[in-house]
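The structure under discussion appears below in the form of C-alpha coordinates.
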Number of protein chains: 2
Amino acid sequence: MEREQKNIQDKLDEAKHQFIGTIAQNMGLYGVSDTNGRLYGTVLFAKRPMTLDDMSTALGMSKMSMSTGIRALMEADMVERVWEKGVRKDLYQPNDDWYQSFASAFVNRWREAADNNQKAARQAKKDFETFLKEADEPYLIEVLQHDLEKINYALGYYEWLDEVIRIFESGEIFTMVPPK
Amino acid sequence: MEREQKNIQDKLDEAKHQFIGTIAQNMGLYGVSDTNGRLYGTVLFAKRPMTLDDMSTALGMSKMSMSTGIRALMEADMVERVWEKGVRKDLYQPNDDWYQSFASAFVNRWREAADNNQKAARQAKKDFETFLKEADEPYLIEVLQHDLEKINYALGYYEWLDEVIRIFESGEIFTMVPPK
DNA sequence: TTATTCATAAAGTATATACTGTACATAAAT
DNA sequence: ATTTATGTACAGTATATACTTTATGAATAA
(Lines give C-alpha, C1' and ligand atoms only; values in the text may rest on other atoms or scores of the structure.)
Protein backbone atom coordinates (compact mmCIF):
# COMPACT_ATOMS: atom_id res chain seq x y z
CA MET A 1 0.00 0.00 0.00
CA GLU A 2 2.81 2.36 0.86
CA ARG A 3 4.28 1.35 -2.46
CA GLU A 4 1.09 2.18 -4.28
CA GLN A 5 0.74 5.63 -2.72
CA LYS A 6 4.26 6.33 -3.82
CA ASN A 7 3.28 5.45 -7.34
CA ILE A 8 0.39 7.85 -7.26
CA GLN A 9 2.67 10.58 -6.03
CA ASP A 10 5.01 9.95 -8.94
CA LYS A 11 2.22 9.85 -11.45
CA LEU A 12 0.78 13.05 -10.01
CA ASP A 13 4.13 14.79 -10.34
CA GLU A 14 4.38 13.57 -13.89
CA ALA A 15 0.89 14.86 -14.74
CA LYS A 16 1.63 18.24 -13.19
CA HIS A 17 4.94 18.40 -15.00
CA GLN A 18 3.12 17.78 -18.24
CA PHE A 19 0.56 20.49 -17.65
CA ILE A 20 3.14 23.02 -16.50
CA GLY A 21 5.21 22.28 -19.57
CA THR A 22 2.31 23.10 -21.86
CA ILE A 23 1.30 26.36 -20.25
CA ALA A 24 4.95 27.40 -19.97
CA GLN A 25 5.35 26.90 -23.68
CA ASN A 26 2.56 29.32 -24.42
CA MET A 27 3.43 31.84 -21.78
CA GLY A 28 5.59 33.74 -24.24
CA LEU A 29 2.34 35.48 -25.15
CA TYR A 30 2.34 37.12 -21.76
CA GLY A 31 5.89 38.27 -22.31
CA VAL A 32 7.21 35.51 -20.07
CA SER A 33 9.98 33.22 -21.24
CA ASP A 34 9.67 29.46 -21.37
CA THR A 35 11.75 28.86 -18.29
CA ASN A 36 10.03 31.57 -16.32
CA GLY A 37 6.77 29.97 -17.35
CA ARG A 38 7.85 26.71 -15.77
CA LEU A 39 8.92 28.66 -12.74
CA TYR A 40 5.46 30.15 -12.48
CA GLY A 41 3.88 26.73 -12.88
CA THR A 42 6.02 25.40 -10.07
CA VAL A 43 5.01 28.19 -7.74
CA LEU A 44 1.40 27.84 -8.82
CA PHE A 45 1.09 24.24 -7.71
CA ALA A 46 3.18 24.53 -4.58
CA LYS A 47 1.14 23.95 -1.48
CA ARG A 48 3.05 26.64 0.35
CA PRO A 49 4.94 29.82 -0.58
CA MET A 50 8.38 28.95 -1.94
CA THR A 51 11.88 30.27 -1.38
CA LEU A 52 14.45 30.77 -4.11
CA ASP A 53 16.23 27.67 -2.87
CA ASP A 54 13.03 25.63 -3.08
CA MET A 55 12.63 26.68 -6.68
CA SER A 56 16.25 26.06 -7.45
CA THR A 57 16.06 22.45 -6.32
CA ALA A 58 12.62 21.95 -7.84
CA LEU A 59 13.80 23.03 -11.28
CA GLY A 60 17.45 22.03 -11.01
CA MET A 61 18.59 25.48 -12.01
CA SER A 62 20.84 28.07 -10.46
CA LYS A 63 19.55 30.26 -7.70
CA MET A 64 20.52 33.28 -9.75
CA SER A 65 18.14 32.24 -12.50
CA MET A 66 15.37 31.92 -9.94
CA SER A 67 16.17 35.37 -8.66
CA THR A 68 15.95 37.04 -12.04
CA GLY A 69 13.04 34.87 -13.08
CA ILE A 70 10.96 35.65 -10.06
CA ARG A 71 11.64 39.34 -10.52
CA ALA A 72 10.24 39.16 -14.04
CA LEU A 73 7.17 37.35 -12.72
CA MET A 74 6.74 39.98 -10.03
CA GLU A 75 6.90 42.76 -12.59
CA ALA A 76 4.26 40.95 -14.60
CA ASP A 77 2.19 40.72 -11.42
CA MET A 78 2.11 36.96 -11.63
CA VAL A 79 3.68 36.24 -8.27
CA GLU A 80 3.88 38.20 -5.06
CA ARG A 81 6.24 38.24 -2.15
CA VAL A 82 4.78 37.26 1.18
CA TRP A 83 6.09 37.42 4.69
CA GLU A 84 5.97 34.70 7.28
CA LYS A 85 6.89 34.94 10.91
CA GLY A 86 10.26 33.41 11.66
CA VAL A 87 11.19 32.83 8.05
CA ARG A 88 14.24 34.72 6.98
CA LYS A 89 14.17 33.93 3.29
CA ASP A 90 11.94 35.69 0.83
CA LEU A 91 8.76 33.77 0.12
CA TYR A 92 6.77 33.86 -3.09
CA GLN A 93 3.29 32.71 -3.98
CA PRO A 94 1.22 32.84 -7.15
CA ASN A 95 -0.93 35.85 -7.79
CA ASP A 96 -3.47 33.89 -9.71
CA ASP A 97 -5.98 36.33 -11.08
CA TRP A 98 -5.43 35.15 -14.61
CA TYR A 99 -8.15 37.36 -16.02
CA GLN A 100 -6.42 40.45 -14.77
CA SER A 101 -3.05 39.13 -15.91
CA PHE A 102 -4.37 38.65 -19.39
CA ALA A 103 -5.80 42.15 -19.54
CA SER A 104 -2.60 43.64 -18.16
CA ALA A 105 -0.41 41.70 -20.55
CA PHE A 106 -2.54 42.83 -23.44
CA VAL A 107 -2.67 46.46 -22.40
CA ASN A 108 0.97 46.73 -21.42
CA ARG A 109 2.03 45.44 -24.77
CA TRP A 110 -0.24 47.51 -26.95
CA ARG A 111 -0.81 50.75 -25.10
CA GLU A 112 2.66 52.22 -25.46
CA ALA A 113 3.03 51.07 -29.05
CA ALA A 114 -0.33 52.50 -30.04
CA ASP A 115 0.46 55.84 -28.42
CA ASN A 116 3.87 56.07 -30.06
CA ASN A 117 2.49 55.23 -33.44
CA GLN A 118 -0.33 57.69 -33.13
CA LYS A 119 2.06 60.43 -32.13
CA ALA A 120 4.36 59.63 -35.03
CA ALA A 121 1.44 59.61 -37.46
CA ARG A 122 0.21 63.01 -36.26
CA GLN A 123 3.68 64.44 -36.72
CA ALA A 124 3.98 62.92 -40.18
CA LYS A 125 0.62 64.34 -41.17
CA LYS A 126 1.66 67.81 -40.06
CA ASP A 127 4.92 67.53 -41.99
CA PHE A 128 3.27 66.24 -45.14
CA GLU A 129 0.71 69.03 -45.11
CA THR A 130 3.43 71.64 -44.78
CA PHE A 131 5.34 70.13 -47.67
CA LEU A 132 2.18 70.06 -49.75
CA LYS A 133 1.74 73.80 -49.35
CA GLU A 134 5.33 74.41 -50.43
CA ALA A 135 5.36 72.01 -53.34
CA ASP A 136 4.51 72.96 -56.89
CA GLU A 137 5.98 70.18 -58.98
CA PRO A 138 3.06 67.97 -60.10
CA TYR A 139 4.79 64.69 -59.47
CA LEU A 140 5.76 65.67 -55.96
CA ILE A 141 2.25 66.86 -55.23
CA GLU A 142 0.88 63.55 -56.38
CA VAL A 143 3.27 61.65 -54.15
CA LEU A 144 2.36 63.81 -51.19
CA GLN A 145 -1.34 63.23 -51.67
CA HIS A 146 -0.74 59.52 -51.84
CA ASP A 147 1.28 59.64 -48.64
CA LEU A 148 -1.33 61.72 -46.87
CA GLU A 149 -3.99 59.16 -47.69
CA LYS A 150 -1.89 56.49 -46.05
CA ILE A 151 -1.36 58.60 -42.98
CA ASN A 152 -5.03 59.45 -42.62
CA TYR A 153 -5.89 55.79 -42.85
CA ALA A 154 -3.31 55.04 -40.18
CA LEU A 155 -4.72 57.72 -37.91
CA GLY A 156 -8.19 56.24 -38.18
CA TYR A 157 -6.81 52.85 -37.32
CA TYR A 158 -4.97 54.14 -34.27
CA GLU A 159 -8.15 55.72 -32.97
CA TRP A 160 -9.90 52.40 -33.30
CA LEU A 161 -7.04 50.52 -31.68
CA ASP A 162 -7.02 53.00 -28.84
CA GLU A 163 -10.65 52.23 -28.16
CA VAL A 164 -10.05 48.48 -28.21
CA ILE A 165 -7.21 48.81 -25.75
CA ARG A 166 -9.34 51.02 -23.54
CA ILE A 167 -11.92 48.24 -23.24
CA PHE A 168 -9.32 45.97 -21.66
CA GLU A 169 -7.70 48.74 -19.68
CA SER A 170 -10.93 49.85 -18.03
CA GLY A 171 -12.11 46.32 -17.34
CA GLU A 172 -15.13 46.87 -19.56
CA ILE A 173 -14.19 43.59 -21.24
CA PHE A 174 -15.28 41.81 -18.07
CA THR A 175 -18.84 43.01 -18.48
CA MET A 176 -18.82 42.21 -22.19
CA VAL A 177 -17.43 38.73 -21.53
CA PRO A 178 -18.01 37.82 -17.89
CA PRO A 179 -15.41 35.66 -16.12
CA LYS A 180 -16.53 32.12 -15.39
CA MET B 1 13.00 76.51 -57.57
CA GLU B 2 14.35 73.21 -58.76
CA ARG B 3 16.64 73.39 -55.77
CA GLU B 4 13.73 74.02 -53.43
CA GLN B 5 11.68 71.11 -54.76
CA LYS B 6 14.66 68.90 -54.18
CA ASN B 7 14.74 70.04 -50.61
CA ILE B 8 11.11 69.17 -50.13
CA GLN B 9 11.73 65.74 -51.58
CA ASP B 10 14.54 65.20 -49.11
CA LYS B 11 12.51 66.44 -46.20
CA LEU B 12 9.61 64.25 -47.24
CA ASP B 13 11.85 61.21 -47.35
CA GLU B 14 13.17 62.09 -43.95
CA ALA B 15 9.66 62.45 -42.50
CA LYS B 16 8.59 59.15 -44.00
CA HIS B 17 11.73 57.49 -42.72
CA GLN B 18 10.92 58.76 -39.25
CA PHE B 19 7.36 57.47 -39.33
CA ILE B 20 8.35 54.12 -40.75
CA GLY B 21 11.00 53.77 -38.05
CA THR B 22 8.44 54.26 -35.32
CA ILE B 23 5.87 51.82 -36.60
CA ALA B 24 8.59 49.29 -37.39
CA GLN B 25 9.77 49.46 -33.81
CA ASN B 26 6.34 48.52 -32.55
CA MET B 27 5.60 45.94 -35.15
CA GLY B 28 7.07 43.23 -32.98
CA LEU B 29 3.58 43.07 -31.50
CA TYR B 30 2.34 41.68 -34.77
CA GLY B 31 5.04 39.06 -34.71
CA VAL B 32 7.07 41.01 -37.24
CA SER B 33 10.72 41.83 -36.63
CA ASP B 34 12.10 45.34 -36.64
CA THR B 35 13.71 45.04 -40.03
CA ASN B 36 10.69 43.40 -41.58
CA GLY B 37 8.69 46.26 -40.11
CA ARG B 38 10.81 48.74 -42.01
CA LEU B 39 10.41 46.60 -45.08
CA TYR B 40 6.66 46.78 -44.72
CA GLY B 41 6.83 50.55 -44.25
CA THR B 42 8.84 50.87 -47.42
CA VAL B 43 6.36 48.85 -49.43
CA LEU B 44 3.49 50.72 -47.82
CA PHE B 45 4.62 54.13 -49.05
CA ALA B 46 5.84 53.01 -52.44
CA LYS B 47 3.80 54.49 -55.22
CA ARG B 48 4.00 51.29 -57.20
CA PRO B 49 4.43 47.58 -56.40
CA MET B 50 8.06 46.79 -55.63
CA THR B 51 10.48 44.08 -56.68
CA LEU B 52 12.97 42.44 -54.35
CA ASP B 53 15.71 44.46 -56.03
CA ASP B 54 13.82 47.69 -55.42
CA MET B 55 13.58 46.85 -51.75
CA SER B 56 17.19 45.79 -51.59
CA THR B 57 18.43 49.15 -52.87
CA ALA B 58 15.83 51.09 -50.86
CA LEU B 59 16.97 49.51 -47.59
CA GLY B 60 20.59 48.81 -48.47
CA MET B 61 20.24 45.18 -47.48
CA SER B 62 20.85 41.91 -49.27
CA LYS B 63 18.27 40.59 -51.64
CA MET B 64 18.17 37.40 -49.65
CA SER B 65 16.97 39.29 -46.60
CA MET B 66 14.24 40.87 -48.68
CA SER B 67 13.22 37.45 -49.89
CA THR B 68 12.83 35.97 -46.45
CA GLY B 69 11.39 39.19 -45.06
CA ILE B 70 8.73 39.47 -47.70
CA ARG B 71 7.78 35.86 -47.13
CA ALA B 72 7.19 36.56 -43.47
CA LEU B 73 5.06 39.56 -44.39
CA MET B 74 3.08 37.45 -46.83
CA GLU B 75 2.42 34.84 -44.20
CA ALA B 76 1.20 37.58 -41.89
CA ASP B 77 -1.04 38.76 -44.73
CA MET B 78 0.57 42.17 -44.68
CA VAL B 79 1.74 42.19 -48.29
CA GLU B 80 0.53 40.42 -51.38
CA ARG B 81 2.15 39.40 -54.62
CA VAL B 82 0.74 40.99 -57.72
CA TRP B 83 1.25 40.34 -61.38
CA GLU B 84 1.94 42.87 -64.06
CA LYS B 85 2.06 42.31 -67.77
CA GLY B 86 5.58 42.18 -69.12
CA VAL B 87 7.26 42.22 -65.71
CA ARG B 88 9.27 39.14 -64.99
CA LYS B 89 10.17 39.85 -61.42
CA ASP B 90 7.82 39.23 -58.55
CA LEU B 91 5.97 42.34 -57.47
CA TYR B 92 4.67 43.08 -54.00
CA GLN B 93 2.26 45.63 -52.64
CA PRO B 94 0.87 46.34 -49.19
CA ASN B 95 -2.23 44.59 -48.08
CA ASP B 96 -3.33 47.45 -45.94
CA ASP B 97 -6.41 46.34 -44.09
CA TRP B 98 -4.84 47.08 -40.75
CA TYR B 99 -8.00 46.24 -38.84
CA GLN B 100 -8.02 42.75 -40.22
CA SER B 101 -4.27 42.42 -39.68
CA PHE B 102 -4.68 43.32 -36.06
CA ALA B 103 -7.45 40.81 -35.55
CA SER B 104 -5.47 38.12 -37.36
CA ALA B 105 -2.31 38.82 -35.42
CA PHE B 106 -4.25 38.63 -32.19
CA VAL B 107 -6.12 35.49 -33.06
CA ASN B 108 -3.16 33.67 -34.60
CA ARG B 109 -1.12 34.25 -31.50
CA TRP B 110 -3.70 33.29 -28.92
CA ARG B 111 -5.91 30.71 -30.56
CA GLU B 112 -3.44 27.87 -30.70
CA ALA B 113 -2.06 28.60 -27.26
CA ALA B 114 -5.50 28.73 -25.71
CA ASP B 115 -6.52 25.46 -27.33
CA ASN B 116 -3.34 23.69 -26.26
CA ASN B 117 -3.67 24.91 -22.72
CA GLN B 118 -7.30 23.94 -22.52
CA LYS B 119 -6.55 20.48 -23.80
CA ALA B 120 -3.70 20.06 -21.32
CA ALA B 121 -5.90 21.25 -18.47
CA ARG B 122 -8.67 18.80 -19.37
CA GLN B 123 -6.17 15.97 -19.43
CA ALA B 124 -4.69 17.04 -16.10
CA LYS B 125 -8.14 17.19 -14.56
CA LYS B 126 -8.92 13.69 -15.73
CA ASP B 127 -5.63 12.41 -14.35
CA PHE B 128 -6.02 14.13 -11.03
CA GLU B 129 -9.52 12.76 -10.56
CA THR B 130 -8.33 9.24 -11.25
CA PHE B 131 -5.52 9.61 -8.75
CA LEU B 132 -7.95 10.97 -6.19
CA LYS B 133 -10.06 7.83 -6.41
CA GLU B 134 -7.00 5.65 -5.91
CA ALA B 135 -5.45 7.65 -3.09
CA ASP B 136 -6.10 7.01 0.56
CA GLU B 137 -3.26 8.76 2.31
CA PRO B 138 -4.70 11.98 3.83
CA TYR B 139 -1.80 14.20 2.85
CA LEU B 140 -1.92 13.05 -0.75
CA ILE B 141 -5.67 13.57 -0.89
CA GLU B 142 -5.25 17.08 0.38
CA VAL B 143 -2.63 17.86 -2.26
CA LEU B 144 -4.84 16.44 -4.97
CA GLN B 145 -7.78 18.56 -3.94
CA HIS B 146 -5.59 21.62 -3.97
CA ASP B 147 -4.34 20.78 -7.44
CA LEU B 148 -7.84 20.15 -8.71
CA GLU B 149 -8.93 23.57 -7.55
CA LYS B 150 -6.15 25.13 -9.56
CA ILE B 151 -7.08 23.14 -12.62
CA ASN B 152 -10.75 24.02 -12.36
CA TYR B 153 -9.85 27.66 -12.09
CA ALA B 154 -7.66 27.32 -15.17
CA LEU B 155 -10.46 25.64 -17.10
CA GLY B 156 -12.82 28.49 -16.33
CA TYR B 157 -10.24 30.96 -17.50
CA TYR B 158 -9.66 29.12 -20.76
CA GLU B 159 -13.37 29.16 -21.49
CA TRP B 160 -13.40 32.88 -20.98
CA LEU B 161 -10.29 33.39 -23.10
CA ASP B 162 -11.82 31.27 -25.81
CA GLU B 163 -14.80 33.58 -25.93
CA VAL B 164 -12.60 36.69 -26.10
CA ILE B 165 -10.63 35.24 -28.98
CA ARG B 166 -13.85 34.26 -30.73
CA ILE B 167 -14.94 37.89 -30.73
CA PHE B 168 -11.91 38.85 -32.78
CA GLU B 169 -12.00 35.72 -34.88
CA SER B 170 -15.60 36.21 -35.96
CA GLY B 171 -15.20 39.90 -36.59
CA GLU B 172 -17.75 40.67 -33.90
CA ILE B 173 -15.24 43.14 -32.52
CA PHE B 174 -15.92 45.33 -35.53
CA THR B 175 -19.53 45.79 -34.51
CA MET B 176 -18.56 46.37 -30.90
CA VAL B 177 -15.92 48.91 -31.91
CA PRO B 178 -16.63 50.10 -35.43
CA PRO B 179 -13.64 50.96 -37.67
CA LYS B 180 -13.19 54.66 -38.34
C1' DT C 1 18.79 24.18 -77.30
C1' DT C 2 21.53 27.53 -74.94
C1' DA C 3 22.00 31.50 -72.22
C1' DT C 4 20.36 34.56 -68.92
C1' DT C 5 17.71 36.20 -65.09
C1' DC C 6 15.52 35.52 -61.02
C1' DA C 7 14.32 33.59 -56.32
C1' DT C 8 15.87 30.74 -52.74
C1' DA C 9 18.79 27.26 -50.33
C1' DA C 10 23.12 26.45 -47.68
C1' DA C 11 26.97 27.80 -45.09
C1' DG C 12 29.41 31.10 -42.52
C1' DT C 13 29.72 35.14 -39.40
C1' DA C 14 28.33 38.50 -36.11
C1' DT C 15 25.25 39.90 -32.56
C1' DA C 16 21.96 39.13 -28.85
C1' DT C 17 20.01 36.20 -25.18
C1' DA C 18 19.85 32.82 -21.40
C1' DC C 19 22.13 30.52 -17.99
C1' DT C 20 25.94 29.48 -14.57
C1' DG C 21 29.57 30.19 -11.07
C1' DT C 22 31.90 33.34 -8.30
C1' DA C 23 32.10 37.21 -5.52
C1' DC C 24 30.11 40.85 -2.88
C1' DA C 25 26.89 43.65 0.01
C1' DT C 26 23.32 43.60 3.28
C1' DA C 27 20.97 42.09 7.18
C1' DA C 28 19.93 38.90 10.69
C1' DA C 29 21.72 35.81 14.45
C1' DT C 30 25.07 34.76 17.95
C1' DA D 1 31.36 42.79 17.19
C1' DT D 2 31.65 38.80 14.66
C1' DT D 3 29.79 35.34 12.10
C1' DT D 4 26.47 33.41 9.09
C1' DA D 5 22.92 33.42 5.74
C1' DT D 6 20.65 35.47 1.82
C1' DG D 7 19.83 37.95 -2.52
C1' DT D 8 21.97 40.02 -6.42
C1' DA D 9 25.68 42.12 -9.50
C1' DC D 10 29.25 40.76 -12.64
C1' DA D 11 31.84 38.17 -15.94
C1' DG D 12 32.16 34.23 -18.76
C1' DT D 13 30.11 30.66 -21.75
C1' DA D 14 26.86 28.42 -24.66
C1' DT D 15 22.98 28.74 -27.58
C1' DA D 16 19.86 31.06 -30.76
C1' DT D 17 18.89 34.68 -34.19
C1' DA D 18 19.66 37.87 -38.05
C1' DC D 19 22.17 38.95 -41.88
C1' DT D 20 25.49 38.28 -45.84
C1' DT D 21 27.90 35.84 -49.47
C1' DT D 22 28.12 32.17 -52.51
C1' DA D 23 25.94 28.55 -54.97
C1' DT D 24 21.99 26.18 -57.15
C1' DG D 25 17.61 25.27 -59.50
C1' DA D 26 13.77 26.96 -62.22
C1' DA D 27 11.85 29.68 -65.59
C1' DT D 28 11.94 32.87 -69.36
C1' DA D 29 14.27 34.76 -73.47
C1' DA D 30 17.21 34.24 -77.40
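We name chains A, B, ... by the order of the sequence lines, and we start the count at 1 in each one. Small disclaimer: the values here were computed from a predicted structure and weren't measured.
For the residue pair A/Gln18/B/Gln123, the side-chain donor-acceptor check at 3.5 Å is not satisfied.
The pair A/Arg111-A/Asp115 meets the salt-bridge criterion, since a charged nitrogen lies less than 4.0 angstrom from a carboxylate oxygen. Remark: A/Lys11 does not engage B/Asp127 in a salt bridge, criterion side-chain N to carboxylate O under 4.0 Å.
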Please output the side-chain donor-acceptor pairs of residues 63-78 of chain A that fall under 3.5 Å, not counting sequence neighbours, one pair per line with the distance.
unit_1  : atom_1 : unit_2  : atom_2 : d
A/Ser65 : OG     : A/Ser62 : OG     : 3.1
A/Thr68 : OG1    : A/Met64 : O      : 3.3
A/Thr68 : OG1    : A/Ser65 : O      : 3.1

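A heavy atom closer than 4.0 Å to some atom of DNA chain C occurs in no member of residues 17-28 of chain A. Residues from residues 63-81 of chain A lying near DNA chain C, meaning a heavy-atom separation below 4.0 Å, are A/Met64, A/Ser65 in numerical order. Looking at residues 36-59 of chain B, you'll see B/Leu52 sit with a heavy atom under 4.0 Å from some atom of DNA chain C.
For the atom pair NE2 of B/His146 and CD1 of B/Ile141, the computed distance is 16.0 Å after rounding to the nearest 0.5 Å. Here the CZ atom belonging to B/Phe128 is positioned 5.0 Å from the CD1 atom belonging to B/Ile151, to the nearest 0.5 angstrom.
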### Query
Checking side-chain hydrogen bond (donor to acceptor under 3.5 Å, both in side chains) for the pair B/Asp54/B/Thr51: CA distance, chi angles, key distance, verdict?
CA-CA 5 Å; B/Asp54 292 339; B/Thr51 67; 3.2 Å; yes

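Note: A/Tyr30 and A/Phe102 have perpendicular aromatic rings, judged against thresholds of 30 and 60 degrees for the angle between ring planes. Taking the six-membered ring where the residue is Trp, A/Trp98 and A/Tyr40 present tilted rings, their angle falling between 30° and 60°.
First and last contacting nucleotides of DNA chain C toward chain A (any atom under 4.0 angstrom from a heavy atom, 5' to 3' order): C/dC19 to C/dA29.
With sequence neighbours excluded, the residues that form a salt bridge (charged side-chain N to carboxylate O under 4.0 Å, His left out) with B/Glu84 are B/Arg48.
Both B/Ile167 and A/Val107 are part of a single hydrophobic cluster, where members link through side-chain heavy atoms under 4.5 Å apart.
Ring centers of B/Trp110 and A/Phe106: at least 6.0 Å apart, outside the cut-off.
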